[in-house]
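Heads up, the thing below is written out as structure tokens.
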2 protein chains.
Amino acid sequence: MGKAEASSDRVAADLEEAIHEHRLAPGSKLNEDEVGAIYGVSRTVARAALQTLAHKRLVELRRNRGAFIARPSAREAREVFEARALLEPRTARSAAERMTEADLARLQAHIDEEHAAVADGRWGRALHLSGMFHIEIARIADQKTVAEFISQLIARSSLIIALYWQRRGALCESHAHHALIQAFRAQDGDLAEELMKNHLLDLVTSLDLRNLNSVPTSLREALTQ
Amino acid sequence: MGKAEASSDRVAADLEEAIHEHRLAPGSKLNEDEVGAIYGVSRTVARAALQTLAHKRLVELRRNRGAFIARPSAREAREVFEARALLEPRTARSAAERMTEADLARLQAHIDEEHAAVADGRWGRALHLSGMFHIEIARIADQKTVAEFISQLIARSSLIIALYWQRRGALCESHAHHALIQAFRAQDGDLAEELMKNHLLDLVTSLDLRNLNSVPTSLREALTQ
DNA sequence: GCACACAAGATTGTATACGAAATTGGATTG
DNA sequence: CAATCCAATTTCGTATACAATCTTGTGTGC
């Protein structure tokens, strides 16, 4: 028997995908009535969905003010990538050691779909798939607990990229993912760990975390923080 | 202005402390009406608190069945300690490098209070404080994101210990914590990392994760899972 | 014209009510 | 007597209603 997801889970999952695909910008207000109306549910379940996202740090709840898409600080951005650096390289090693043909095929499919999205100019979708690539690796490593943490960190990374990404060198990612697949195919754990480590370093250095030049939200939001 | 915590946060925090101190056993049913009555709040906020704990994997929600204190499987127990092994040693190193006198004093106070609790036979309290020692280290390392993950893992460890701890050698912990403080005092990052790594290995080996001999809950719970 | 106070509106926080699902207990039937 | 079916009870899932708080717009006094 399946797990019979609650309706609030469905709302939360849909909102989360919208965040991943950059259709919801950091700082956006999420009115409970509005969310409920969009998904045809009451405020009760809309509110539960927002609380779920708040626990994942994708949404910030302010008492008597409402729910807002999170706007990670530069410091938080660094912390997220430091946490990823602790978890993902070793996870990539584990994944390499347990990799099957089916897993490789699924990863390759991810990359292909990502390329297609890039070709179509669907940048949000491509970004989402790029994150899913990392999540898939964690899943293959067969460590649910770590995989969950990584999923959350990647979701937050999506917000960080929305805020701090500097355009230059947008396509470097897929190259790194290709190299990772090569290591996986060779079941070379050492190489996979090293490649993932460097990939994450590349990602961090492609961000501009120096100053707070990223305030795409209302002035009020920026000042009351 | 403070963060003005919601009332559901207070309920969740209190329930979590009860879990840490082993006053709530794994598998216990948490009736929404009952929880609400105990804390003098409506089912709405009791439910929100239970959802919060479910997100932390301390409570398991079963649709149309209710909320139960989580009962981690042996496999999940291994995963939790593997995740801790990825996060905590490096965090201990960072903490050692940033350690101040005030931090050392606070850690020492934790150990002292833990000893006092052990002397008084308050085992639950001692266990709680033992976990807090690890959380304090993560806080000192000044990495909120990682600290949050570690907090969650330690909370889950409390459930794991309730299920799988084998009594022999109950006091080994405080020794390891003392050794860690020595490393911190010397600001020896290498040593702190190594000590933490070994401490976690000791913890895992002090568990009996071989079989499912741990079913302190109702028969029904054990069979419907 | 500016600052402050106050009232109207909007939004969240919490409680309650109602419907749905599951469990439980007893009655019926073989 | 055992098995099964059905009703009664309990508990959860969701919607709605009311209260508290914050925002916003207006008016008054200086």
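The structure displayed is predicted, hence computed values, not measured ones. Hydrogens, waters and symmetry mates play no part in the numbers below; they use all other heavy atoms, side chains included. A note on names: the letters A, B, ... follow the listed sequences, proteins ahead of strands, and every chain is numbered from 1.
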Using only side-chain N and O atoms of T44(B), determine if any of them is under 4.0 Å from OP1 or OP2 of dT14(C).
no
Hits for side-chain contact (heavy atoms from CB on, under 4.5 Å) against L87(B), two or more places apart or cross-chain, chain-then-number order -> L86(A), L87(A), V146(B), F149(B), I150(B), L153(B)
Can you name the residues that form a side chain to side chain donor-acceptor pair (under 3.5 Å) with Q152(B), not counting sequence neighbours?
none
Using nucleotides 8-13 of chain C, report all nitrogen or oxygen pairs with the protein that are shorter than 3.5 Å.
unit_1, atom_1, unit_2, atom_2, d
dT12(C), O3', N64(A), N, 3.4
dG13(C), OP1, N64(A), N, 3.4
dG13(C), OP2, R47(A), NH1, 2.3
dG13(C), OP2, R47(A), NH2, 2.6
dG13(C), N7, R43(A), NH2, 3.0
dG13(C), O6, R43(A), NH1, 3.2

Output every pair passing ring pair (Phe, Tyr, Trp, His ring centres under 6.0 Å) with a member in residues 15-53 of chain B, not counting sequence neighbours, ordered by first then second residue.
H20(B)-H128(B)
Here the distance between atom C1' of dT14(D) and atom CD of Q51(B), to the nearest Å, is 12 Å
Please list all pairs meeting salt bridge (charged side-chain N to carboxylate O under 4.0 Å, His left out) that have one or both residues in residues 44-53 of chain A, counting only residues at least two apart or in different chains.
E32(A)-R47(A)
What pairs with A126(B) under side-chain contact (heavy atoms from CB on, under 4.5 Å), at least two apart in sequence or on another chain?
E114(B), A117(B), V118(B)
